[in-house]
**Q** 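Here it is: the structure, laid out below.
Proteins get letters first, then strands, A, B, ... in listed order; numbering begins at 1 in each.
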There are 2 protein chains.
Amino acid sequence: MPTSRSSTRSRDRGASRPTRADARQNVDALLEAAKAVFAEAGVNAPVRSVAERAGVGVGTLYRHFPLRSDLISAVFRREMDACADAATEIEAAFPPGEALDRWIMRFTQFVATKRGLAAALHSGDPAYEPLAEYFSTRLAPTLERLLVAATRADAITQDVEATELLGAVANLCHGGGPDPRSAEHAERMVRLLLAGLRAPQLT
Amino acid sequence: MPTSRSSTRSRDRGASRPTRADARQNVDALLEAAKAVFAEAGVNAPVRSVAERAGVGVGTLYRHFPLRSDLISAVFRREMDACADAATEIEAAFPPGEALDRWIMRFTQFVATKRGLAAALHSGDPAYEPLAEYFSTRLAPTLERLLVAATRADAITQDVEATELLGAVANLCHGGGPDPRSAEHAERMVRLLLAGLRAPQLT
DNA sequence: ACTCAACCGGAGCCATGTTCCGGATCCTGA
DNA sequence: TCAGGATCCGGAACATGGCTCCGGTTGAGT
């Protein structure tokens, strides 16, 4: 009987003990530090600097985030969720075609703001696999919904995969640093892509 | 008199001496090795592996290519030139609109084939600045010419910078490895972008 | 208070970009 | 042909950054 322990309190589900308080605190500190560091120096910032800023050793960091990419995922997960959630609001407020555009632009701004996120995402480095996967898992279905709606409403003429489009938009957000011009550039190119979705025929 | 030397042979321009034969040989060996290594393992392959393959020490490599990116630039310079040159042929054989499309697709295939080239190009890493610069110097004017011609012929309706479009297309070629699907994906997205150039109005 | 699993910290290992410099090599001038 | 010296070579060594290891510490049940 693996689940039986001497004291059968209210909950003794699965794990034998609850997470220790200091561990939880450290995780929080790390996430906050990572968020700050990534914002300042991009996702390529040294792991050590994150640990230092959080006031813990690298060992502690790696205990909670075995891979560098795990830390990155954790930091952006929340924002990705927010982005995905924004879709329902937008869908309710605008007709399918415009909803699609608006959500894509929302997504564009998210990716363009995170220095190096896009680069990491499609770097080919297998370390970022989980990040990319969460990307697809959480965001692709949302876009798919928007695309289907737009297609039904005859708002777009081209047939594209959600994943594909998502990747393309993310890719267009590369380059440049905090320079606002690069953000504009990305936006303009994304709009061009969106315009392409309305093109009468593809070559 | 800096240019005067004891023996005034036919040419004693600028530099005091011609490059040593062994040095030139090594440069060639390095370029060839780099080309092979990059093709196999992408542009992120270790510098040491290139030196080893060329049969020289890393010191020699760094003597000729002070920065990692210099080596990369040198390797791709030739191919970039070929791509740029292809434009004149294409321009002569097709009407402006189609010429634009064809050249862009030619460019797409070039970038998509080189693993990591696109990533390096817009990685934000200042080390790749010279590479990006050559990119603009050599390729941008070409595209600009094609764009102007297409605009004059009313083949496109949108107004974009050559540099901008070049960067966007390169960006769309990220991701994936030797997988042919990723190349297809990139192509499809580029076509979408091209279709966007013909869109009647931008939002 | 006692026990012990979970946790912490940071020294240390490995890979990779880059520098340094003693010694080998090639061109020049005679 | 030969000496002189600029040029070049090689690889040890340094710097940086990801990741591991393990002795010591600490929180949480009893």
**Q** Show the nearest heavy-atom pair for residues B:A36 and B:R53, with the distance to one decimal.
**A** CB-NH2, 3.5 Å
**Q** Find the distance A:Y62:OH to C:dA6:C1' and express it as a whole number of Å.
**A** 21 Å
**Q** Measure CZ/B:R24 against C1'/C:dC27 and give the value in whole Å, please.
**A** 11 Å
**Q** Which whole-number value in Å describes the distance from A:L61 CG to D:dT20 P?
**A**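 To the nearest whole Å, that distance equals 12 Å.
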**Q** Do B:D81 and B:Y134 have side chains that approach each other closer than 4.5 Å (heavy atoms only, starting at C-beta)?
**A** yes
**Q** Could you list all the salt bridge (Lys or Arg N to Asp or Glu O under 4.0 Å) pairs where at least one residue sits in residues 55-78 of chain A, not counting sequence neighbours?
**A**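 Qualifying pairs: none.
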**Q** What's the closest nucleotide to the side chain of A:P46 if the choices are D:dG17, D:dC8, C:dC27?
**A**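 Looking only at side-chain atoms, A:P46 lies closest to D:dG17.
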**Q** Any donor-acceptor pair under 3.5 Å between the side chain of A:R48 and the base of D:dG17?
**A** yes
**Q** Distance check needed: C:dG9 P versus A:L30 CG, whole Å only.
**A**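 For the pair A:L30 CG and C:dG9 P, the rounded distance is 9 Å.
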**Q** If you apply the rule side chain to side chain contact (heavy atoms under 4.5 Å, CB included), what do you find for B:F65 with B:V75, and how did you get there?
**A** CA-CA 11 Å; B:F65 306 96; B:V75 169; over 6 Å; no
**Q** Between D:dG11 and B:R63, counting only base atoms on the nucleotide and side-chain atoms on the residue, is there a donor-acceptor pair under 3.5 Å?
**A**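 When only heavy-atom distances are counted, B:R63 does not reach the base of D:dG11 through any donor-acceptor pair under 3.5 Å.
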**Q** With ring pair (Phe, Tyr, Trp, His ring centres under 6.0 Å) as the test, would you mind laying out the steps for A:F110 and A:F135 before giving the verdict?
**A** CA-CA 12 Å; A:F110 162 58; A:F135 217 75; 7.0 Å; no
**Q** Which sits closer to the 5' end of DNA chain C, B:D22 or B:V58, going by the nucleotide each is nearest to?
**A**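 Result of the comparison: B:V58.
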**Q** Between the base of D:dA28 and the side chain of A:R20, is there a donor-acceptor distance below 3.5 Å?
**A**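 For A:R20, whose side chain was compared with the base of D:dA28, there is no donor-acceptor pair (under 3.5 Å).
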**Q** Within this structure, what is the CG-to-P distance between B:L67 and C:dT16, rounded to whole angstrom?
**A** 18 Å
**Q** Considering just the side-chain nitrogens and oxygens of B:T60, establish if one lies under 4.0 Å of OP1 or OP2 belonging to D:dC8.
**A** no
**Q** Please give, in whole Å, the distance from D:dC9 C1' to B:E52 CD?
**A** 17 Å
**Q** In whole angstroms, how far is the C1' atom of D:dG17 from the CD1 atom of A:I72?
**A** 14 Å
**Q** Report the nucleotide, chosen from D:dC19, C:dC7, D:dC9, that has the shortest atom-to-atom distance to any side-chain atom of A:R68.
**A**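 Nearest to the side-chain atoms of A:R68, counting from C-beta on, is D:dC19.
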**Q** Taking atom P of C:dA24 as reference, at what distance in whole Å does atom CG of B:N26 sit?
**A** 17 Å
**Q** For C:dC8 and A:H64 - does any side-chain N or O of the residue sit under 4.0 Å from the phosphate oxygens OP1/OP2?
**A** yes
